[in-house]
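In what follows, a structure is listed as structure tokens, so that the remarks can point back to it.
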Amino acid sequence: MIRPMALEWEQIIVDSADPVALGRWWAEALGWVVVDESEEIIEIRPEPDKMPGLLFVPVPEGKTSKNRLHPDFRPNDQQAEVARLLSLGARRADTVQDKQHWVTLLDPEGNEFCVLSERKS
């Protein structure tokens, strides 16, 4: 019998032109804490000992197309959260469609993420 390996999800790596600035933006947007930082990288987590986290690393090339993976967030109040994220420096994506239940935003480097509407009972 083959036993599955025990895997613990530690982090997602985010390629970035300015990892420290982008990591600090996401820390503020999510209310997370910085757990490691140097001149070139920054790691943030929900709490110092809670995973998974996000590790922002430098890459020389810029973003050229839509992300293949993006996070979705479900706040208590979609409209208020979208306004808050926009005030932090997020931008609206140009992918608005009629009757969708999410708002697609872009972080300061153009990475997509969605803010979902409240769950229906």
Side-chain angles (χ1 to χ4, degrees):
M1 182 169 118
I2 298 176
R3 292 178 176 238
M5 295 192 66
L7 295 175
E8 184 175 9
W9 182 0
E10 177 128 348
Q11 59 200 5
I12 292 178
I13 308 302
V14 180
D15 293 345
S16 175
D18 187 347
V20 173
L22 189 60
R24 288 195 171 281
W25 186 88
W26 275 103
E28 185 174 0
L30 297 171
W32 287 15
V33 296
V34 175
V35 296
D36 189 22
E37 182 177 353
S38 72
E39 289 183 15
E40 292 192 337
I41 64 118
I42 186 171
E43 181 182 358
I44 65 172
R45 292 184 187 167
E47 297 173 15
D49 296 326
K50 187 174 180 185
M51 295 184 276
L54 296 172
L55 177 64
F56 298 82
V57 300
V59 293
E61 68 278 354
K63 183 176 179 296
T64 59
S65 64
K66 182 178 180 288
N67 291 7
R68 301 286 304 261
L69 173 75
H70 74 260
D72 286 350
F73 301 101
R74 189 178 303 276
N76 292 332
D77 183 336
Q78 180 191 42
Q79 187 175 10
E81 188 60 18
V82 167
R84 184 185 75 84
L85 292 163
L86 291 171
S87 76
L88 292 176
R91 302 181 320 274
R92 288 185 179 270
D94 292 332
T95 58
V96 177
Q97 299 173 4
D98 290 337
K99 298 186 182 182
Q100 66 188 29
H101 302 285
W102 64 91
V103 176
T104 303
L105 298 177
L106 306 172
D107 72 13
E109 289 197 11
N111 298 301
E112 298 90 1
F113 63 100
C114 292
V115 181
L116 307 174
S117 62
E118 297 77 18
R119 283 195 194 279
K120 304 282 188 226
S121 299

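Positions are given from 1 along the sequence.
- Residue pairs that meet the salt bridge (charged side-chain N to carboxylate O under 4.0 Å, His left out) test with at least one member in residues 27-38, sequence neighbours left out, are Arg24-Glu37.
- Closest non-hydrogen pair, Gly23 versus Ile44, comes out as O-CG2, 3.8 Å.
- No donor-acceptor pair closer than 3.5 Å links the side chain of Asn67 to the backbone N or O of His70.
- In this structure, CD in Gln78 is found 10.0 Å from SG in Cys114, a value given to the nearest 0.5 Å.
- A salt bridge links Lys63 with Glu112: the distance from a Lys NZ or Arg NE/NH1/NH2 to an Asp or Glu carboxylate oxygen falls below 4.0 Å.
- The CG atom of Leu30 sits 8.5 Å away from the CZ atom of Phe113 when rounded to the nearest 0.5 Å.
- Distance alone, capped at 3.5 Å, places no donor-acceptor pair between the Ser16 side chain and the Pro58 backbone.
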Run the side-chain contact (heavy atoms from CB on, under 4.5 Å) check on Leu22 and Asn111 step by step: do they pass? CA-CA 10 Å; Leu22 189 60; Asn111 298 301; 3.9 Å; yes
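- Summarising the geometry of Gln11 relative to Leu55, their closest heavy-atom pair is NE2-CD2, 3.5 Å, with the distance given to 0.1 Å.
- Atom CD of Glu118 is surrounded by more than 12 heavy atoms from other residues, nucleotides or ligands within 6.0 Å.
- The shortest distance between side-chain heavy atoms of Trp32 and Leu54 falls below 4.5 Å.
- Residues Leu85 and Ala29 approach most closely at CD2-CB, 3.7 Å, considering heavy atoms.
- Relative orientation of the Phe73 and Trp26 rings is tilted, given thresholds of 30° and 60° on the angle between their planes.
- Within the 4.5 Å cutoff, no side-chain heavy atoms of Val57 are placed close to those of Glu40.
- Hydrophobic cluster membership is shared by Val34 and Phe56, with clusters built from Ile, Leu, Val, Met, Phe, Trp and Tyr side chains linked at under 4.5 angstrom.
- Note that the CZ atom of Arg68 and the NZ atom of Lys66 stand 9.0 Å from one another [nearest 0.5 Å].
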Start with the C-alpha distance between Arg92 and Thr104, add both sets of side-chain angles, then the distance that settles side-chain contact (heavy atoms from CB on, under 4.5 Å), and finish with yes or no. CA-CA 6 Å; Arg92 288 185 179 270; Thr104 303; over 6 Å; no
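- Looking only at distances, no side-chain donor or acceptor of Arg45 sits under 3.5 Å from a matching main-chain atom of Val35.
- Taking each heavy atom of Leu116 and Pro75 in turn, the nearest pair found is O-CD, 3.4 Å.
- Among all heavy-atom pairs drawn from Pro19 and Ile42, the shortest one is O-CG2, 3.2 Å.
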Show your reasoning for whether side-chain contact (heavy atoms from CB on, under 4.5 Å) applies to Glu109 and Asp18. CA-CA 9 Å; Glu109 289 197 11; Asp18 187 347; 3.8 Å; yes
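- Applying the 6.0 Å contact sphere to CG of Asn76 captures no more than 12 heavy atoms from other residues, nucleotides or ligands.
- Summarising the geometry of Leu88 relative to Trp25, their closest heavy-atom pair is O-NE1, 2.8 Å, with the distance given to 0.1 Å.
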